[in-house]
Amino acid sequence: MPAIEANGLTKIFGRRPQRGVRMLKEGADREKLRREGLTAAVIDATFEVAPGEIFVVMGLSGSGKSTLIRTVNGLLEPTAGSISIDGQDVTHLSTAQLREVRRTKVSMVFQHFALLPHRTVGENAAYALALRGVSKADREQRADEALGMVGLKGWGGSMPSELSGGMRQRVGLARALAAGTDVLLMDEAFSALDPLIRKEMQDQLLELQAELGKTILFITHDLNEAMRLGDRIAMMRDGRIVQVGTAEQILNEPANDYVAQFVADVDRSRVLTASAVMERPVAVVGAETGPKAAHKLMRENQVPALLVTGRNRTVEGVVWEEAVADAVKRGVDRLPVSTEIVRVTPDTPLVELFADAASSRAPLVVVDEQGRLQGVIPRVTLLSALSVPDAVEEVPDPNAVEDAPVAADGQSALDQAGAV
Ligand SMILES: Nc1ncnc2c1ncn2[C@@H]1O[C@H](COP(=O)(O)OP(=O)(O)O)[C@@H](O)[C@H]1O
Ligand SMILES: [Mg+2]
C-alpha cells in the first residue's frame with residue numbers, strides 16, 4: 001500500500017473554485033482561469049509515494065509545490081481529487097480527525113522554521129509531543145533522542161538565540177522526528193541555508209532515512225538537491241506534474257522539452273551514480289575454474305580478461321589473457337588471479353570514478369556492501385554516460401571524450417576489456 005497517494009488532486013484558489021474545475025475539464029488553460037480571478041495552483045496531480053521512499057517535488061517558484069504539500073497535510077482542502085495517507089482517505093476530514101492524522105501519521109518541516117524564542121531547544125523539539133499531552137519525562141527523552149539524530153546532542157538546554165540558522169533548522173527536523181510519524185513532509189526545508197550547511201543537512205537526511213526508513217515528501221526548487229535526495233522526482237510546471245521518475249530517467253528520458261531544458265545544465269557526473277551506468281558483467285568465472293577452461297572461455301567470448309568470483313559472487317579479482325595462457329603452458333592448475341581491480345559501491349557518483357578509471361587497467365567493479373558483484377563499468381561507458389542525450393542537444397559535444405582522463409598507457413586493454 002502506498003504511504004501517500006494523490007489522485008487527480010486539484011486546488012483552485014478564488015471565488016467559486018468548482019467553476020474552475022469545470023473550466024479545466026472543458027479544456028481551459030491556467031491563463032483563462034486567471035482572467036476569471038481563479039488561480040489553478042495544482043491541476044490533476046496523480047502520484048504514489050511508497051513507504052520509505054524520498055519523493056521530491058521539484059519546480060520553479062509558483063509552480064504549485066507548497067499548495068500540493070499543504071493539501072497532503074490537510075492544511076488546504078482540495079478542490080477536486082483525493083489524498084490518502086497509509087490507505088486512509090484524508091481528503092475531507094473534520095478538524096478533529098485531521099488533528100489525529102497529524103498526531104499519528106504526518107509531520108511537516110517548513111522552510112522558515114519558527115522556534116519559540118522563550119523555550120529551550122529541547123522544549124521546542126518536544127513541542128508536538130506537548131500538544132499531544134505526552135508526559136514531561138517521556139517527551140524530554142524523545143526530544144533528546146531526536147536532537148541526537150540531527151547532530152544536536154547536548155543542546156537541549158540552550159535557547160534558540162544561541163543557535164546558528166543551520167542548527168535551528170535541525171531543531172525543526174528534530175521536532176518532526178520526535179513526533180514519531182512515519183511520513184515527513186518537508187517544504188523547501190533546506191532552501192534558506194548556506195550551500196555548505198545545506199549539503200550537510202542533505203547528507204544527514206539521507207543518513208536518517210537509511211536508518212529510520214521514513215517516507216519523505218520533499219519539496220525543492222533546486223534541481224541538484226532534488227537529484228541528490230530523491231528516490232524519485234516529480235517535475236511540476238504551472239500546477240501540473242509533467243514527469244515522475246528517477247534522477248536518471250529524468251536526465252536521460254526527459255518527458256518533454258521543458259524538462260529537457262531544465263536538466264540540460266545539470267552536472268551529470270555528480271548526479272549519476274555507478275549503479276546508473278554499470279553494465280551486466282558477462283565474462284565471469286568462479287574461482288575454482290581451471291586455467292584451460294578459462295582460456296577457452298576468453299577465446300570464445302573474445303575478451304582479454306575475466307572477473308573471478310568466489311562464494312556468493314564476491315569478487316576476488318581478474319585474470320588476464322596473457323597470464324592465463326602462461327598458466328596453461330606451464331600446466332598450473334589454479335587461475336593466476338590478479339587482485340588489482342578497483343571496487344566501487346553502487347551509490348558512488350561518477351565524478352569520483354574518473355581517477356579510479358584512469359588508474360585501473362580493468363573496468364571498475366561495482367560491489368555491494370558484502371563485496372558481491374553487481375556490475376562493471378568499462379571506461380567507455382563512463383564517458384558516454386556523461387554526454388547529454390541527443391533529444392536535448394542537437395550536436396553531441398565532441399570534446400566530451402577528449403577532456404576525460406586517459407590512463408597512463410593510453411587506450412590499452414581497458415577499452416577492449418569493455419566486454420568484461
Ligand atoms: N492562499 C492562496 N490564495 C491564493 N493564491 C494562492 C494561495 N497560495 C498560493 N497561491 C497561488 O498558487 C500558485 C502556486 O503557489 P505555491 O503553491 O506557493 O507555489 P510554489 O510553492 O511552487 O512556489 C501561485 O500562483 C500562488 O500565487
Ligand atoms: Mg513554496
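We use all heavy atoms of the structure for the numbers below, so side chains are in, but hydrogens, waters and symmetry mates are not. Start at 1 and go down the list; that is how both ligands and their atoms are numbered.
Residues Met186 and Ile219 have side chains not in contact (no heavy-atom distance under 4.5 Å, counting atoms from C-beta outward). Asn224 has its side chain out of reach of Met227: every pair of non-hydrogen atoms, C-beta onward, lies at least 4.5 Å apart. At least one side-chain heavy atom of Glu188 sits less than 4.5 Å from a side-chain heavy atom of Lys65.
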Identify each donor-acceptor pair in which a side-chain atom of residues 363-376 lies under 3.5 Å from a protein atom, sequence neighbours left out, and give them as a table.
residue	atom	partner	partner atom	Å
Asp368	OD1	Gln370	N	2.9
Asp368	OD1	Gly371	N	3.1
Asp368	OD1	Arg372	N	2.8
Asp368	OD2	Arg372	NE	2.9
Asp368	OD2	Arg372	NH2	3.0
Asp368	OD2	Gln374	NE2	3.4
Gln370	OE1	Arg372	NH2	3.0
Gln374	NE2	Arg372	O	3.4

Show me the side-chain donor-acceptor pairs of residues 24-33 shorter than 3.5 Å, one per line, residues at least two apart or across chains.
residue	atom	partner	partner atom	Å
Asp29	OD1	Glu31	N	3.4
Asp29	OD1	Lys32	N	2.9
Arg30	NE	Ala40	O	2.8
Arg30	NE	Asp238	O	3.3
Arg30	NH2	Ala40	O	3.3
Arg30	NH2	Gly62	O	3.4

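Here Arg198 does not pair with Asp194 in a salt bridge; the nearest charged N to carboxylate O distance is not below 4.0 Å. Of the charged side-chain nitrogens involved, at least one lies within less than 4.0 Å of a carboxylate oxygen, so that Glu100 and Arg103 count as a salt-bridged pair. Ion pairing between Glu340 and Arg361 fails under the 4.0 Å rule for side-chain N and carboxylate O.
Taking the ring centre of Phe55 as origin, the terminal cationic atom of Arg232 falls outside the region bounded by 6.0 Å and 45° from the ring axis.
The contact shell of ligand 1, taken as protein residues with any non-hydrogen atom closer than 4.0 angstrom, comprises Phe13, Thr39, Ala41, Leu60, Ser61, Gly62, Ser63, Gly64, Lys65, Ser66, Thr67.
Any protein N/O/S atom under 2.8 Å from the Mg ion (ligand 2) was counted, giving 1 altogether.
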